Amino acid sequence: MYKNLFKQTAIYGIATVLPRMLSFLLVRLYTNKLPTNEYGDVSIVMAWMVFLNVALSYGFETGFFRFYNSEQNKENVVSTSTISIFWSSLAFLGLALSFRNSIAHAVNVDSSYITYAIWILVLDALVVIPFSKLRAQQRPMRYAVIKIGNVIINMGLNLICLLWLPVFAQNNPDSFLSSLYVENFEVGYIFMSNLIASLLTFVVLSPDYFKVNWHIDPILWKRMMKYGLPIFFAGIAFAVNEHFDKILLEKILPANVGKTQAGIYSACYKLALFMTLYATAFRLGIEPFFFSHAGNDNAKETYAVITKYFVIFGSLILLSVVVFADVLKLMLLDNPDYWEAMKVVPLIIVANFFLGIYTNLSVWYKLIDKTHIGAYISFVGAAVTLGLNILLIPMFQKKTGDGYMGSAIATIAAYGSMMVISYLMGQKRYEIPYDMKRILGYLGVSITFSFVAFYVFRENYFVNIPLLLVFSGLVYYGEKETLEGIIKRRRRTKKMEI
């Protein structure tokens with residue numbers, strides 16, 4: 001069981017890590033080619049797109065797994081969810097295109113960026129159920145190939161449009177390809193590349209629409225909406241926690257400062273990528289697993305073990321990334337104009353670690369069909385995010401000129417509060433025997449070592465590498481029995497095979 005879980009998590013991890021790593025290389029390209037305020041434009045539009053991505057799937061992604069595993073007629077689940085998202089996406093397309101100029105004015109960006117964003121959002125929404133179907137049917141390899149292909153195409157087009165095309169147009173002004181080059185349209189090329197990649201992904205998965213039975217079950221649809229709407233509201237709240245700080249930086253700070261701070265904050269925020277990838281890959285593998293094993297007698301003990309090892313590996317990732325943060329910035333973010341916000345990196349990585357732990361802890365309300373509780377917890381996090389951002393951004397801007405530090409503190413406070421609330425509520429309604437002594441021990445030591453390494457001994461590798469080794473030794477000592485048991489079983493299995 002564990003072997004199958006980690007095998008799928010590894011494949012989903014590759015499908016998540018590799019595309020995001022390639023995407024992160026694009027951040028290096030963008031920060032090299034764009035001034036900080038223009039990268040701020042990209043960050044702000046992308047932040048709004050996250051909200052609309054959540055809105056256009058309205059909880060049906062998680063709802064699909066729930067009902068696909070519980071319903072006898074699985075094709076009915078596929079057709080009902082597919083048709084629902086298809087028509088809602090088309091309705092959004094027509095409405096959003098009609099008001100794109102008003103939206104552009106409200107967001108304070110060029111209307112062409114909004115047009116691209118609308119089409120990207122619709123195409124991405126139309127592949128939500130086909131991708132979910134691949135995961136539910138345990139076809140991680142096809143899922144991975146399509147996801148990776150999307151990012152390779154996106155990255156290739158970005159490289160062509162931002163690096164090759166300007167040089168080619170300058171050297172060959174009379175050629176047809178030169179006519180495709182528009183000066184000072186770098187941000188537009190970024191969204192255009194994304195749009196083409198999303199379109200090709202939809203084309204690859206479009207056969208699902210020809211195979212589906214175009215019949216919607218109204219009773220099942222209502223049940224799925226009832227299950228999914230709390231997840232939708234929770235997703236909106238998550239989007240507030242994750243991305244609204246970039247929007248607030250632009251809105252709260254003076255016009256000549258807001259977009260610049262949003263740009264440098266967003267760029268350094270990306271160094272939390274490794275923790276985000278780990279948590280996302282784990283979630284993609286674990287979500288179908290939780291539902292499919294919910295009926296087992298030892299399900300709660302299994303969930304407890306999984307959470308402990310999530311914390312162990314997450315703690316190692318946290319400390320490793322923080323210790324080598326200044327090496328990673330040279331590889332992934334080499335424009336010094338953006339380094340000013342590096343001070344937020346440990347806070348953002350810890351915040352995303354808390355979010356990953358919360359995701360593991362949140363299994364209880366999904367399994368007892370109380371997804372509205374997740375929405376309530378997320379609203380608490382969103383309230384913390386909004387309140388602290390509004391309070392701390394102007395405060396830090398006035399004292400140090402770093403309004404984004406307020407956003408970083410708000411993020412860690414929001415995810416930390418959600419993690420604690422979910423644990424306390426879960427133990428009352430669906431008690432899981434977590435090994436809290438070791439979980440809190442690993443978590444506390446890794447965070448302490450990380451803050452000491454970055455804020456006291458930053459770039460002093462004679463101190464920081466030993467800190468990493470000491471923590472690794474503590475993990476080995478604490479899990480020695482389990483590790484030795486695994487090694488013995490592996491040896492025994494090999495002998496039996498021989």
Side-chain angles (χ1 to χ4, degrees), residues 41-64 78-132 150 154 187-188 190-203 205-206 208-209 212 214-218 220-222 224-240 242-244 246-248 250-251 375 378-379 382 386:
D41 276 339
V42 175
S43 302
I44 291 163
V45 174
M46 292 292 189
W48 282 112
M49 287 177 68
V50 171
F51 286 89
L52 291 167
N53 266 322
V54 174
L56 288 172
S57 63
Y58 42 87
F60 264 44
E61 184 176 9
T62 302
F64 178 86
V78 174
S79 63
T80 298
S81 53
T82 300
I83 295 167
S84 180
I85 287 189
F86 177 80
W87 288 116
S88 61
S89 298
L90 291 190
F92 167 80
L93 177 65
L95 191 64
L97 287 177
S98 300
F99 291 96
R100 62 183 178 273
N101 292 326
S102 301
I103 296 169
H105 178 72
V107 180
N108 192 25
V109 298
D110 191 283
S111 61
S112 64
Y113 308 159
I114 299 301
T115 304
Y116 288 131
I118 291 167
W119 280 102
I120 293 165
L121 286 164
V122 170
L123 290 168
D124 288 349
L126 291 174
V127 297
V128 165
I129 298 303
F131 271 128
S132 298
N150 173 284
N154 186 16
V187 176
I190 291 170
F191 288 111
M192 187 177 69
S193 301
N194 199 331
L195 172 59
I196 294 172
S198 293
L199 175 61
L200 292 175
T201 300
F202 172 71
V203 169
L205 291 168
S206 59
D208 279 37
Y209 282 88
V212 74
W214 282 82
H215 167 74
I216 193 166
D217 183 335
L220 175 62
W221 183 84
K222 288 178 183 177
M224 293 184 76
M225 285 296 293
K226 184 178 179 181
Y227 184 88
L229 278 178
I231 296 172
F232 156 70
F233 288 117
I236 292 294
F238 265 126
V240 169
E242 188 73 11
H243 295 282
F244 210 67
K246 290 88 173 175
I247 296 168
L248 287 173
E250 192 268 336
K251 295 295 183 185
S378 297
F379 282 132
L386 292 173

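Note that the numbering runs from 1 along the sequence shown for the chain. Since we're looking at a predicted model, the values are computed, not measured.
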Heavy-atom pair with the smallest gap, counting every atom of His215 and Ile83: N-CD1, 3.2 Å

First locate atom CD1 of Ile85, then atom CZ of Phe64, and finally report the distance between them rounded to the nearest 0.5 Å. 10.0 Å

Is there a donor-acceptor contact under 3.5 Å from the side chain of Trp119 to the main chain of Leu199? no

Close side-chain approach of Ile118 and Ile114, heavy atoms under 4.5 Å: yes

I would like to know whether Thr82 and Asp208 meet side-chain contact (heavy atoms from CB on, under 4.5 Å); could you show each step before the answer? CA-CA 9 Å; Thr82 300; Asp208 279 37; over 6 Å; no

Take Asp124 and Ser198 through the test side-chain hydrogen bond (donor to acceptor under 3.5 Å, both in side chains) and record every step on the way to the result. CA-CA 6 Å; Asp124 288 349; Ser198 293; 3.0 Å; yes

For the atom pair OG (Ser79) and CD1 (Ile129), what is the distance rounded to the nearest 0.5 Å? 11.0 Å

Of all heavy-atom pairs linking Asp41 and Asn108, the shortest is OD1-O, 4.2 Å

Output the distance between atom CD1 (Ile190) and atom CG (Asn154), rounded to the nearest 0.5 Å. 9.5 Å

Donor-acceptor contact below 3.5 Å, side chain Tyr209 vs main chain Leu126: yes

Identify the heavy atoms of Ile236 and Val54 that sit nearest to each other, and give their distance. N-CG1, 3.6 Å

Let me confirm one number: the CG-CZ distance from Leu52 to Phe92, rounded to the nearest 0.5 Å. 5.0 Å

With under 30° as parallel and over 60° as perpendicular, where do the rings of Trp48 and Phe51 fit, or are they tilted in between? tilted

Given Phe191 and Val45, is the side-chain contact (heavy atoms from CB on, under 4.5 Å) satisfied, shown in steps? CA-CA 10 Å; Phe191 288 111; Val45 174; 3.5 Å; yes

Where Ala104 and Ser111 come nearest, the two heavy atoms and their spacing: CB-CA, 3.5 Å

pair Val128-Leu56: side-chain heavy atoms closer than 4.5 Å: no

Smallest separation among heavy atoms of Ser88 and Tyr58, with atom names: OG-OH, 2.9 Å

Check: Phe131 and Glu61 side chains under 4.5 Å, non-hydrogen atoms: no

Are any side-chain N or O atoms of Asn150 and backbone N or O atoms of Ala197, one a donor and one an acceptor, separated by less than 3.5 Å? yes

At what distance, to the nearest 0.5 angstrom, does CD1 of Ile44 lie from NE2 of His243? 13.5 Å

Report yes if the side chains of Phe244 and Val50 come closer than 4.5 Å at any heavy-atom pair, otherwise no. no

Working for side-chain contact (heavy atoms from CB on, under 4.5 Å), residues Ile247 and Val107: CA-CA 9 Å; Ile247 296 168; Val107 180; over 6 Å; no

Where the side chain of Ser84 meets the backbone of Thr80, is there a donor-acceptor pair that is under 3.5 Å apart? no

Look up atom CG in Leu205 and atom CG in Leu123, then write down how far apart they are to the nearest 0.5 Å. 11.5 Å

For Ile120 and Met49, the nearest pair of non-hydrogen atoms, with its separation, is CG2-CE, 3.6 Å

Check whether any side-chain heavy atom of Met46 lies under 4.5 Å from a side-chain heavy atom of Asn194, and answer yes or no. yes

